[in-house]
K.L.:
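Below are the C-alpha cells for one structure; questions will follow.
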Amino acid sequence: MKIVHSFWSKPALEQNSSVEKANGGFRSNKHHYMSWALSCLQFKKYYEEVELVTDLAGKKLLIDTLNLPYSSVRTDFENLSHYPKQLWAIGKLYTYSLQDKPFLHVDGDVYIWEKLDNTLDNAELIGQHMDNNEGPYHYSMEQLKKHDISIPKVMEDDFSIQKKFYATNAGILGGNNVDFFKKIHIIAA
C-alpha cells in the first residue's frame, strides 16, 4: 500500500494565530518541521512508496530545504490557491481524489515504530477512529441551513433520521476502494 502525505503551505505556514492550523497546529515552526521529518523518516523505514502531495512552497520546504526522502513529489496543490486558508482540509480531500491505487493518507503528525498491521492491506476503507465530538458538525449544519446553503439531500435525510453525525478522524484515511475517493469533486482551477 502506498503511503501519502499532503502539505498545503497556504494554511500550514500561516503565522496568524487566528488560523487553527497555523504552524501545522504546533507551537512553533521548529516543532512543525520536526514532526514532518519524523513522520516521513519513520514511514520510509517500513514502506518503499511514500508520496508527498504539496505546492511549490511545500516542495521548497520539505524537499529542497529539509531534504526529506519522499519516493515521489507532486505539486498539484498549486491548483488550490483560490481557496481560502481556512479550508485547510481541502488539500487532504483533493489528495484522496488524486489517488489511482490503494493508499493510506497520513498526517504529518502520525509516527510509526513498526510496519502497520497487514490486515490494512486488504481493507476497503480505513479511518483513524470514530470522531464523537459532534458539536462542530451540528453547528456547521445549522449555519448552512441559516444561510440557505444547499445541503445534499442524503445528508439532510440521514441527519433527520439519525440525529447524529457519524464521522471518522482523518489523521489516517485510505484503503483499497479508490473509486470511493474518486467521487470527491474539488474544483481545482
Side-chain angles (χ1 to χ4, degrees), residues 1-13 20-78 80 88-133 165-184 186:
M1 185 168 286
K2 174 171 77 168
I3 303 298
V4 182
H5 267 155
S6 63
F7 182 87
W8 187 27
S9 70
K10 189 173 184 176
L13 300 179
E20 175 190 351
K21 295 297 177 182
N23 299 319
F26 287 89
R27 292 166 78 78
S28 71
N29 278 335
K30 173 184 171 182
H31 295 100
H32 185 199
Y33 304 157
M34 288 169 54
S35 182
W36 275 96
L38 180 60
S39 186
C40 176
L41 293 170
Q42 287 301 111
F43 276 101
K44 281 297 286 184
K45 278 185 184 179
Y46 304 103
Y47 293 89
E48 183 177 323
E49 195 172 2
V50 181
E51 178 178 83
L52 173 64
V53 181
T54 189
D55 50 25
L56 292 173
K59 180 185 177 295
K60 181 178 179 184
L61 171 66
L62 298 176
I63 303 302
D64 302 338
T65 303
L66 297 179
N67 294 311
L68 296 180
Y70 288 97
S71 54
S72 62
V73 180
R74 299 175 64 154
T75 56
D76 296 78
F77 286 3
E78 285 298 304
L80 302 180
W88 54 267
I90 200 96
K92 284 183 172 187
L93 295 171
Y94 188 48
T95 298
Y96 307 152
S97 73
L98 296 172
Q99 302 310 307
D100 56 7
K101 68 185 209 177
F103 72 97
L104 193 60
H105 179 279
V106 296
D107 285 351
D109 60 356
V110 174
Y111 325 112
I112 60 172
W113 310 116
E114 59 189 34
K115 190 174 188 312
L116 298 172
D117 189 290
N118 287 338
T119 59
L120 297 178
D121 292 341
N122 298 315
E124 281 291 302
L125 297 173
I126 302 163
Q128 181 171 321
H129 66 268
M130 291 303 293
D131 189 349
N132 296 321
N133 181 12
F165 283 96
Y166 292 96
T168 185
N169 182 293
I172 300 172
L173 196 72
N176 282 279
N177 190 345
V178 177
D179 289 339
F180 174 84
F181 295 101
K182 292 286 185 192
K183 294 177 183 174
I184 299 171
I186 304 295

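Worth saying up front: this structure is predicted, and the values here are computed from it rather than measured.
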K.L.:
Would you mind reporting whether Tyr96 and Phe180 have side-chain heavy atoms less than 4.5 Å apart?
P.N.:
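In short, these two side chains do not touch, never coming nearer than 4.5 Å.
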K.L.:
Given 3.5 Å as the limit, does a donor-acceptor pair link the side chain of Ser39 with the main chain of Asp109, or not?
P.N.:
no
K.L.:
Between Phe77 and Tyr94, what is the ring plane arrangement, given parallel below 30°, perpendicular above 60°, and tilted in between?
P.N.:
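Ring orientation, 0 to 90° scale: tilted.
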K.L.:
Verify, without hydrogens or angle tests, whether Tyr47 (side chain) and Gln42 (backbone) share a donor-acceptor contact under 3.5 angstrom.
P.N.:
no
K.L.:
What is the distance from atom CG of Leu93 to atom CG of Leu98, rounded to the nearest 0.5 Å?
P.N.:
11.0 Å
K.L.:
To the nearest 0.5 Å, what is the distance between CG (Asp107) and NZ (Lys92)?
P.N.:
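So the CG of Asp107 and the NZ of Lys92 are separated by 3.5 Å.
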K.L.:
Taking all heavy atoms of Phe43 and all of Val110, pick out the closest pair and write down the distance.
P.N.:
CE1-O, 3.4 Å
K.L.:
Within a radius of less than 6.0 Å around NZ of Lys115, do more than 12 heavy atoms belonging to other residues, nucleotides or ligands occur?
P.N.:
yes
K.L.:
Would you please test Ser35 and Tyr111 for side chain to side chain donor-acceptor pair (under 3.5 Å) and show each step?
P.N.:
CA-CA 8 Å; Ser35 182; Tyr111 325 112; 2.6 Å; yes
K.L.:
Using a 4.5 Å cut-off on heavy atoms from C-beta on, say whether the side chain of Phe181 contacts that of Leu173.
P.N.:
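They are in side-chain contact.
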K.L.:
So which atom in Leu80 and which in Trp8 form the shortest heavy-atom distance, rounded to 0.1 Å?
P.N.:
O-CZ2, 3.5 Å
K.L.:
Between atom CG of Leu38 and atom CD1 of Ile112, what is the distance when rounded to the nearest 0.5 Å?
P.N.:
10.0 Å
K.L.:
Over all heavy atoms of both residues, which pair between Asn176 and Leu120 is shortest? Give the atoms and the distance, please.
P.N.:
ND2-O, 4.1 Å
K.L.:
Determine whether Val73 and Leu62 make a side-chain contact, defined as any pair of heavy atoms from C-beta on separated by less than 4.5 Å.
P.N.:
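When only atoms from C-beta onward are counted, Leu62 and Val73 do not touch, as no gap falls below 4.5 Å.
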K.L.:
Out of Thr54, Asp55, Val53, which residue meets the side chain to side chain contact (heavy atoms under 4.5 Å, CB included) rule with Arg74?
P.N.:
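The passing option is Val53.
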K.L.:
Shortest non-hydrogen contact from Val106 to His5?
P.N.:
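Shortest heavy-atom separation between Val106 and His5 comes out as O-CD2, 2.9 Å.
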K.L.:
What do the steps show when you test His105 against Gln99 for side chain to side chain contact (heavy atoms under 4.5 Å, CB included), and what is the final call?
P.N.:
CA-CA 10 Å; His105 179 279; Gln99 302 310 307; over 6 Å; no
K.L.:
What pair of heavy atoms forms the shortest contact from Ser6 to Trp36, and how long is it?
P.N.:
O-CH2, 3.2 Å
K.L.:
Let me see the working for Ser9 and Lys59 under side chain to side chain contact (heavy atoms under 4.5 Å, CB included), right down to the final yes or no.
P.N.:
CA-CA 9 Å; Ser9 70; Lys59 180 185 177 295; over 6 Å; no
K.L.:
Are the side chain of Glu51 and the backbone N or O of Ser72 linked by a donor-acceptor pair below 3.5 Å?
P.N.:
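Not confirmed, Glu51 side chain does not pair with Ser72 backbone.
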K.L.:
Please lay out, stage by stage, how Phe7 and Leu13 fare under the test side chain to side chain contact (heavy atoms under 4.5 Å, CB included).
P.N.:
CA-CA 10 Å; Phe7 182 87; Leu13 300 179; 3.8 Å; yes
K.L.:
Is a donor on one side and an acceptor on the other found under 3.5 Å between the side chain of Lys182 and the backbone of Asn177?
P.N.:
no
K.L.:
Which distance, rounded to the nearest 0.5 Å, do you find between the CG of Leu68 and the CG of Leu41?
P.N.:
6.0 Å
K.L.:
Got a donor-acceptor contact below 3.5 angstrom from the Asp117 side chain to the Thr119 backbone?
P.N.:
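Indeed, once roles are kept as given, a pair shorter than 3.5 Å links the two residues.
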